[in-house]
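Take a look at the structure set out below.
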Amino acid sequence: MLDGPRVRFAPSPTGYFHVGSARSALFNWLLARQSSHGVFILRIEDTDADRNREEWVDGIITAMAWLGLDLDEGPFRQSDNRAAHTAATEALLAGGYLYYCDCTGDDIQARKGENKTPGYDGFCRERGLTKSATTALRFATPTDGVTVVHDLIRGDVEFANHTIDDFVVAKSSGAVLYALANVSDDRNDRITHVIRGEEHLPNAPKQMMLWSALNVVLGDDVALPVYAHLPLLVNEQRKKLSKRKDPVATESYRDQGYLADAFVNYLALLGWSPRGDEEVVALSSIIEQFRLEDVSHSPAFFDVKKLNHMNGEYVRAMTCPEFTAACAPWVSPWLTAWRPTDREVPWSQEQFDPALFAKVAALVQERVTTLGEVPAMVAFFFLDEVAMDGASFDKVIGTDPLGQQLLGAALARFGEVPWDANALHAATIELGAALSLNLRKAQAPIRCAVTGSLVGPPLFESLEYLGREKVLERIAAALARCSD
RNA sequence: GGUCCCAUCGUCUAGUGGCCUAGGACAUCACCCUCUCAAGGUGGAGGCACGGGUUCGAAUCCCGUUGGGACUGCCA
């Protein structure tokens, strides 16, 4: 068998797919992809029945597929490996690495009193307790020596063994906990690189102890994995990104119309950077250049502004037909397999005209940063009645006699002018000139009357695509509104 | 409190002892372009946390200080 890195992404389905998780998944995936024999595994760590939900499992799988993080093995379920976890626990117990403990949290707290040493005090170590409904299994950590974690990103990190408390390996219910379950699975999956968030760094020495102990009691000498603890993703307060307080759901970025390629590109820049000055780089180039050794040590702030810029660049880099097609979930969701879950289209299926949208798309492509912004920008093409912005109307038409005069003149002139953007452009210049208005001023009332807003896609192309009839209708309606 | 991690423009970063008067990107400001809004172009402002060493020479190495963070669960 050819050796390549075997890496895994091991999320627990206790919430939506966090952007920090997406970044961890990506870095694991990159390492696997840059080697021809690399293997990327997804293992859902679903052993905490109280907190897991099936919909979150789906969310993880869907989001990873969206990002293009394809799997070589899995998705596996940690809950399918319970037999192995139990066997590992029993072997460890038989080997003398574990002991039963019936202390409650309150007991431990009460005993500690003034003692500042963290964690469990080893009270039950020599008590010789046996299995019961109230006894958990703890790992007896060495009281001397040091455990050094060889971290690819940070170098060697030393932990004095006496500072590591006797952590619980299996609950009194028999359920095997994270530290062991995770190690047991990593051994079985022959994981070579454990790449995960920095919050797991304190777990590493415990898991190395477990791994080595398992090698002894199982008689199965599996090489310890190489660790790489990724810098945390933080919010503007420099705190770890929180599912509760921060906008971190990967799914929501998809809903908003961020492009997977752009999102992946941005994620790759969090803690790592390509060589050279260019940050918008092809995935193939990222795969080729990526090195764990180059990952930065310090926490990174997830900056939506920069993501926005990058997304805009990717949007503009698409061909027009690609862009048009990519917009489908937002403009014609009734046609697509996937559609955003957090919004509705402003028009009905009957009102929407695909051929018209294909023309209009070119007008908005370079004006949006996300696909989700498209509907609002082109709604006036499909809605029977414009959604008039009151303030804009008052400003350039309602309280402006010149604006009304121009609209009156346009109503007449647009009735006879050849119907194309150039002619409309020229006609508007003349109309404005007659009132001593430059084009900037002259186009405003027309834009407002026809689109309902003072900002939007280029006006004359819009008029052309909308058609003479609707344009004249809307100008007349705007004029009528003045006398209301 | 303890253990551990981290420290370059507001933000993400380049930088691995001399190419640094510290480079790029986002954001920001100004100007140009322009039918609005964008996009684009040009230019500006903006940083090595602090203090000691080591060295001919330090953003880069060492020590300390300060500051921030993670962990400290019969969660993962």
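Sequence lines set the chain letters: A, B, ... in the order given, protein chains first and strands last, and positions in each chain run from 1.
- Annotation: of the two residues near RNA chain B, A:L270 and A:L201, the 5′-most nearest-nucleotide partner is A:L201.
- Donor-acceptor pairing under 3.5 Å is recorded for the side chains of A:S79 and A:D46.
- Residue A:L137 is out of contact with every strand shown, counting any heavy-atom pair closer than 4.0 Å.
- At whole-Å resolution of the value, CD in A:E236 and P in B:C12 are 11 Å apart.
- Under the Watson-Crick or G-U wobble criterion, with both distances below 3.5 Å, B:A58 has no partner in any strand shown.
- B:C26 and B:U42 have their P atoms separated by 12 Å, with the value rounded to a whole Å.
- A side-chain donor from one of A:T134 and A:S132 sits under 3.5 Å from a side-chain acceptor of the other.
- An OP1 or OP2 oxygen of B:G69 is reached within less than 4.0 angstrom by no side-chain nitrogen or oxygen of A:K240.
- With the nearest nucleotide of RNA chain B identified for both A:A10 and A:R238, A:R238 has the one nearer the 5' end.
- Between A:L241 atom CG and B:C12 atom P there is a gap of 12 Å when expressed in whole angstrom units.
- By the 4.5 Å heavy-atom criterion applied to side chains, A:R474 and A:L466 are counted as neighbours.
- For A:R127, the side chain to side chain contact (heavy atoms under 4.5 Å, CB included) criterion is met by A:D102, A:F123, A:C124, A:L129, not counting sequence neighbours.
- We find that CG of A:N81 is positioned 16 Å from C1' of B:A76, with the value rounded to whole Å.
- If you check every strand for non-hydrogen atoms under 4.0 Å, A:A444 touches nothing.
- Between A:Y314 and A:Y258, the ring centre distance reaches or exceeds 6.0 Å.
- Nucleic acid contact for A:T134: base, since at least one base atom lies under 4.0 Å from a heavy atom of the residue.
- With both ends at atom P, the span from B:A30 to B:U11 equals 22 Å, rounded to whole Å.
- Backbone-only contact: A:S296 has heavy atoms under 4.0 Å from sugar-phosphate atoms and none from a base.
- Under a 4.0 Å N-O distance rule, the pair A:E54/A:R77 qualifies as a salt bridge.
- A:F357 has its ring centre no less than 6.0 Å from the ring centre of A:F381.
- Summarising the base pairing, B:C48 is matched to no nucleotide, lacking a Watson-Crick or G-U wobble pair whose two defining distances lie under 3.5 Å.
- For A:R447 against B:C35, a side-chain N or O and a base N or O form a donor-acceptor pair under 3.5 Å.
- Within 4.0 Å (heavy atoms only), A:K441 reaches no atom of the nucleic acid at all.
- Residues A:R8 and A:D189 are not paired through a salt bridge, judged by the lack of any N-O separation under 4.0 Å between the basic side chain and the carboxylate.
- Taking a pair to require two hydrogen-bonding distances under 3.5 Å in either a Watson-Crick or a G-U wobble arrangement, B:C37 remains unpaired.
- No contact: A:D50 has no heavy atom under 4.0 Å from any strand.
- On the C1' atoms, B:U8 is 10 Å away from B:A14, given to the nearest whole Å.
- One atom, CG of A:N308, and another, C1' of B:A25, lie 14 Å apart when rounded to the nearest Å.
- Contact of A:T428 with B:C35 (side chain to base): no donor-acceptor pair of N or O atoms is detected under 3.5 Å.
- Classification of A:R291 and A:D294 as a salt-bridged pair holds, one side-chain N sitting under 4.0 Å from a carboxylate O.
- Environment of NZ in A:K243: crowded, with over 12 heavy atoms of neighbouring residues, nucleotides or ligands closer than 6.0 Å.
- Within the structure, every side-chain polar atom (N or O) of A:T14 is placed at least 4.0 Å from both OP1 and OP2 of B:A76.
- When the P atom of B:C74 is taken as reference, atom NZ of A:K206 falls 9 Å away, rounded to whole Å.
- The phosphate of B:C5 has neither OP1 nor OP2 within less than 4.0 Å of any side-chain N or O from A:S298.
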Distances under 3.5 Å between nitrogen or oxygen atoms of protein and nucleotides 22-24 of chain B:
from: B:G24; atom 1: O2'; to: A:D277; atom 2: O; distance (Å): 2.9
from: B:G24; atom 1: N2; to: A:E279; atom 2: OE2; distance (Å): 2.7

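- At whole-Å resolution of the value, CZ in A:F301 and C1' in B:A7 are 18 Å apart.
- Base engagement by A:E461 is indicated by at least one non-hydrogen atom pair under 4.0 Å involving a base atom.
- A salt bridge is absent between A:K239 and A:D246; no separation between the charged side-chain nitrogens and carboxylate oxygens falls under 4.0 Å.
- Heavy atoms of other residues, nucleotides or ligands lying less than 6.0 angstrom from CD of A:E126 number 12 at most.
- Using Watson-Crick or G-U wobble geometry with both donor-acceptor distances under 3.5 Å, B:A7 finds its partner in B:U66.
- Residues A:Y99 and A:D166 bring a donor and an acceptor atom of their side chains to less than 3.5 Å of each other.
- Heavy atoms of A:T451 sit nowhere under 4.0 angstrom from any nucleic acid atom.
- A:H229 comes within contact range of no nucleotide atom at all, as no heavy-atom separation falls under 4.0 Å.
- Residue-level contact check: A:S12 touches the backbone only, with heavy atoms under 4.0 Å from sugar-phosphate atoms and none from bases.
- With A:N182 as the partner, the side chain to side chain contact (heavy atoms under 4.5 Å, CB included) test is satisfied by one option alone out of A:R187, A:H85, A:R196: A:R196.
- A:R51 comes within 4.0 angstrom of a nucleotide base, judged by non-hydrogen atoms across all strands.
- Scanning residues 145-161 of chain A for heavy-atom distances under 4.0 Å to RNA chain B yields A:R154, A:V157, A:E158, A:F159.
- Residues forming a side-chain hydrogen bond (donor to acceptor under 3.5 Å, both in side chains) with A:Q237 (at least two apart in sequence, or on another chain): none.
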Please tabulate, one pair per line, each protein N/O and nucleotide N/O from nucleotides 37-47 of chain B that are separated by under 3.5 Å, including the distance.
from: B:C37; atom 1: O2; to: A:R367; atom 2: NE; distance (Å): 2.9
from: B:C37; atom 1: N3; to: A:R367; atom 2: NE; distance (Å): 3.0
from: B:C37; atom 1: N3; to: A:R367; atom 2: NH2; distance (Å): 2.9
from: B:C37; atom 1: N4; to: A:R367; atom 2: NH2; distance (Å): 3.1
from: B:A38; atom 1: N1; to: A:E366; atom 2: OE2; distance (Å): 3.1
from: B:A39; atom 1: O3'; to: A:R316; atom 2: NH1; distance (Å): 3.1
from: B:G40; atom 1: OP1; to: A:R316; atom 2: NH1; distance (Å): 3.3

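- A donor atom on one side chain and an acceptor atom on the other are found under 3.5 Å apart for A:T147 and A:N161.
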Quick one: which protein N/O atoms are closer than 3.5 Å to N/O atoms of nucleotides 63-65 of chain B? Pair and distance per line, please.
none

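- The partner of B:C71 is B:G2, judged by Watson-Crick or G-U wobble contacts that both fall below 3.5 Å.
- Using a 4.0 Å heavy-atom distance criterion, A:L269 is classed as a sugar-phosphate-only contact.
- Counting non-hydrogen atoms under 4.0 angstrom, A:G271 reaches the backbone sugars and phosphates but no base.
- Phosphate contact (OP1/OP2 of B:C12, side-chain N/O of A:K305, threshold under 4.0 Å): absent.
- Closest to the side chain of A:H297, from the set B:G69, B:C6, B:U11, is B:C6.
- Ion pair A:E464/A:K359 not flagged as a salt bridge, since none of the NZ, NE, NH1 or NH2 atoms sits closer than 4.0 Å to an Asp/Glu carboxylate oxygen.
- Distance CG/A:L230 to NE2/A:H200: 10.5 Å, rounded to 0.5 Å.
- Across B:U54 and B:C62, the matching C1' atoms stand 7 Å from one another, rounded to whole Å.
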